[in-house]
Amino acid sequence: DSGVTQTPKHLITATGQRVTLRCSPRSGDLSVYWYQQSLDQGLQFLIQYYNGEERAKGNILERFSAQQFPDLHSELNLSSLELGDSALYFCASSPDVAETQYFGPGTRLLVL
Amino acid sequence: AQSVTQLDSQVPVFEEAPVELRCNYSSSVSVYLFWYVQYPNQGLQLLLKYLSGSTLVKGINGFEAEFNKSQTSFHLRKPSVHISDTAEYFCAVSEEEGGSEKLVFGKGTKLTVNP
């Protein structure tokens, strides 16, 4: 158990819908990262927050957004969902920006 | 931008045999390197990491990896595998960008240990 929690574990929704994925980092970790794992693209970095502020952006679509709250938990919002958004979404946390990242169990999203 | 190549997408081995999972990265500058393991239907677990110092890094579950700067490689090895090592293994390199570090992953290697 890495100490990073993600909810929900599974999510099934329809195209065009909007979902929110939640992540609670390890106690004391200030940095949160979001990754997407799909069969065709593999594991890709989406976005990073550090102590409430956006720090880095990767291959994140404009339909996707994220935020980190004062209690340091983070949410990833996915809107106007398409079939191709079906994937496993991981959250990771680290104490600071350049330290080892510890991954949560992931949220499996299925868009029908 | 960094890239990571895992040369084998699938590696089948017999129990108690040695295994090497290969990983090459693109950068010639200082990097941090990681191996993560993903068991079926689970998240990613850190196996080991190279930040600096000794080029031979020991991790959990009897795995080790050797950092080779001249060959830009970070191959993962285990002298004797168990059925329970069946999983997907990901090599990753950290990439600094604008004061932040993100991980760039390889495509993964599926290790199947057969009895």
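Each chain gets a letter, A, B and so on, in the order its sequence line appears, and its residues count up from 1. Reckoned from all heavy atoms, side chains included, excluding hydrogens, waters and symmetry mates.
No part of A:Asn59 comes within reach of chain B, as not one of its non-hydrogen atoms sits under 4.5 angstrom from that chain. Within the 4.5 angstrom heavy-atom criterion, no atom of A:Gln6 approaches chain B. Contacts of B:Leu46 with chain A are made by side-chain atoms alone, with heavy-atom separations under 4.5 Å and no backbone atom involved. Neither the backbone nor the side chain of B:Gln45 comes within contact range of chain A; no heavy atoms are under 4.5 Å apart.
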Where do A:Gln37 and B:Gln38 land on the side chain to side chain donor-acceptor pair (under 3.5 Å) test, with the steps shown first? CA-CA 12 Å; A:Gln37 184 180 32; B:Gln38 186 177 28; 3.0 Å; yes

Check the pair B:Ile60, B:Leu48 against side chain to side chain contact (heavy atoms under 4.5 Å, CB included), reporting the backbone distance first and the verdict last. CA-CA 7 Å; B:Ile60 61 170; B:Leu48 49 79; over 6 Å; no

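With chain B as the partner, the residue from A:Gly106, A:Pro105, A:Gly42 showing the most heavy-atom pairs under 4.5 Å is A:Pro105.
Below 30°, between 30° and 60°, or above 60°: for A:Phe103 and B:Phe105 the angle between ring planes is above 60°, a perpendicular geometry.
Under a hydrophobic clustering in which Ile, Leu, Val, Met, Phe, Trp and Tyr are joined whenever their side-chain heavy atoms come within less than 4.5 Å, directly or via other members, B:Leu21 and B:Val4 fall into the same cluster.
A:Asp29 places no side-chain N or O within donor-acceptor distance of the main-chain N or O of A:Ser31, the cut-off being under 3.5 Å.
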